[in-house]
Amino acid sequence: MKKVNVIFDTDPGIDDAMALLLLHALPSIDVRAISTVFGNASIEDCTRNALYICERFSLPYPVYKGAGVTFAGLAETEYPDFVHGADGLGDVGFPLPKRRAESQSSVTYMIETLRAASEPIEVLAVGRMTNVAEALKQAPDIAPLIQRIVIMGGAVEVPGNVTEWAEANIYGDPEAAAFIFDSGVPVLMVGLDATLQHRMKKTALMSLRDQLGDAGEFLWHIKQCYLKFYADKGIFDGFPIHDSTAALALVHPECFEIRRGRLVCETQGGPRGRTVLTASEAGPHAVAMAADSEKLTAIFEAAMLAKYGAGSQ
Ligand code: RIB
Ligand code: CA
């Protein structure tokens, strides 16, 4: 099977952690490297979390540390510990990993890898888009070398999850998103319109805990924080798994309703971070507007069971 080469740009993060284990399990994906970005926690914590997951589950991917401030150079003052815990992984109390990040920055890695690539490479960005924007700014020649950027972020016809308009990954760095939308690189945006339609029930998580060995235990423990966040909001019928949904969109577009057009990201005033789609068949961007949760759940569970379940390699 011809695999899709992917650079995974991420801010782990509870749902990022699940997406990483999923990417490792999807037979049609070849993860080339992990690039970290601040967002769900500081860049130090997000990078440590990526290294911890790789070490615990023997994931062979190099980890490159990325941006700790926005594309415009702004530092974060508060991280969403009420969703992801103060450490970004649900405050379970994991030990420090022995593995270390590569010495190159993620931006340098992306530029050099794309320039040298003999096969198409896609970027899956499930945090702020700071690293990819920075790479494109420093090396505009890589734009035609990126096959596609698949992002988890944005909201078109549904409200945002940080402000009335804006989703967290876009709100955290609207200038980076705007830069990417203007770069000419094909984009598939998998935002809240689609990710809120693909939820995981607590019973499904319990069943993963019982069937996936250490991966199941890990997911169960880190997700407690996430379950509490949704329970506090009165949501008990399933929690979104945003970053895993975007990972699935990369190789299973048949599970999504896709609308083409041109995306713009607002950077000013109240709607800062709003993603606006002007629909047109010939548009350079694609947006997942709806998701088939039943099909996605079946693909997710089959891949995870095959990789981490009893009798897996
Ligand atoms: O809005 C959801 C997104 O914000 C997810 O990628 C989550 O991990 C956070 O980064
Ligand atoms: Ca994320």
Side-chain angles (χ1 to χ4, degrees), residues 6-23 31 34-43 45-50 53 63 66-68 70 76 78-90 106 123-132 149-174 176-177 180 187-200 219 222-223 225-227 229-230 233 235 238-250 265 272-275 287-288 291:
V6 175
I7 296 173
F8 184 44
D9 192 54
T10 174
D11 60 336
I14 290 175
D15 59 330
D16 303 72
M18 178 183 265
L20 177 53
L21 291 180
L22 173 65
L23 286 169
V31 176
I34 297 168
S35 150
T36 59
V37 65
F38 76 119
N40 287 326
S42 70
I43 186 60
D45 286 353
C46 288
T47 306
R48 181 206 57 222
N49 292 345
I53 298 163
V63 174
T70 67
E76 194 51 89
E78 279 179 11
Y79 295 104
D81 54 359
F82 47 93
V83 189
H84 296 269
D87 70 356
L89 280 186
S106 86
V123 178
L124 172 62
V126 298
R128 301 166 190 217
M129 275 127 249
T130 321
N131 292 328
V132 198
I149 303 172
V150 178
I151 66 171
M152 190 284 128
V156 174
E157 289 183 349
V158 298
N161 58 3
V162 178
T163 71
E164 184 189 348
W165 303 111
E167 179 280 334
N169 288 338
I170 304 286
Y171 187 74
D173 199 344
I180 285 173
V187 169
L188 169 61
M189 182 174 108
V190 186
L192 300 179
D193 300 87
T195 64
L196 291 178
Q197 293 187 1
H198 179 218
R199 290 168 186 265
M200 178 176 280
L219 291 174
I222 64 171
K223 285 280 177 193
C225 192
Y226 214 70
L227 287 171
F229 171 71
Y230 283 100
K233 292 170 93 170
I235 299 170
F239 53 89
I241 51 172
H242 303 287
D243 296 349
S244 293
T245 306
L248 288 164
L250 201 139
C265 179
R272 182 171 160 79
R274 181 184 184 187
T275 47
V287 179

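Order of appearance sets the numbers: ligands from 1, and atoms from 1 within every ligand.
- Nearest N/O/S atom of D11 with respect to the Ca ion (ligand 2) is recorded as OD1.
- Panel note: side chain D87, backbone G90; a donor-acceptor pair is recorded below 3.5 Å.
- For atom 1 (O) of ligand 1, the closest non-hydrogen atom on the protein side is E167 OE2, 2.4 Å.
- At the top of the distance list for atom 9 (C) of ligand 1, counting protein heavy atoms only, stands N40 OD1, 3.3 Å.
- Applying side chain to side chain contact (heavy atoms under 4.5 Å, CB included) to V287 and the options V187, V156, V190, T275 leaves one that passes, V156.
- Within ligand 1, counting atoms from 1 as listed, the ones closer than 4.0 Å to a heavy atom of D16 are 8 (O).
- With a 4.0 Å heavy-atom cut-off, ligand 1 is reached by the side chain of D243 but not by its N, CA, C or O.
- Atom OD2 is the N/O/S atom of D243 found closest to the Ca ion (ligand 2).
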Test log, rule side chain to side chain contact (heavy atoms under 4.5 Å, CB included), inputs L23 and L250: CA-CA 10 Å; L23 286 169; L250 201 139; 5.8 Å; no

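- If you check the side chains of S35 and D9, you find a donor sitting under 3.5 Å from an acceptor.
- D16 contributes OD2 and V126 contributes O; the angle these two atoms make at the Ca ion (ligand 2) is 100°, rounded to 10°.
- The backbone N or O of R128 sits nowhere less than 3.5 Å from a side-chain atom of D11 that would complete a donor-acceptor pair.
- Close approach to H242 involves these atoms of ligand 1, each under 4.0 Å from a residue heavy atom: 2 (C).
- In this structure, N40 contributes its side chain and H84 its backbone to no donor-acceptor pair below 3.5 Å.
- Side-chain contact, T47 with T36: a donor N or O sits under 3.5 Å from an acceptor N or O.
- Each of the atoms 3 (C), 4 (O), 5 (C), 6 (O), 9 (C), 10 (O) of ligand 1 lies under 4.0 Å from some heavy atom of N169.
- Less than 4.0 angstrom separates some heavy atom of D11 from each of these atoms of ligand 1: 10 (O).
- Between F229 and F82, the two ring planes are tilted [angle within 30° to 60°].
- In terms of protein heavy-atom proximity, atom 8 (O) of ligand 1 is nearest to D15 OD1, 2.5 Å.
- Counting heavy atoms closer than 4.0 Å to ligand 1, residue I14 contributes nothing at all.
- The number of heavy-atom neighbours closer than 6.0 Å to OH of Y171, taken from other residues, nucleotides and ligands shown, is 12 or below.
- Each of the atoms 2 (C), 3 (C), 5 (C), 6 (O) of ligand 1 lies under 4.0 Å from some heavy atom of M152.
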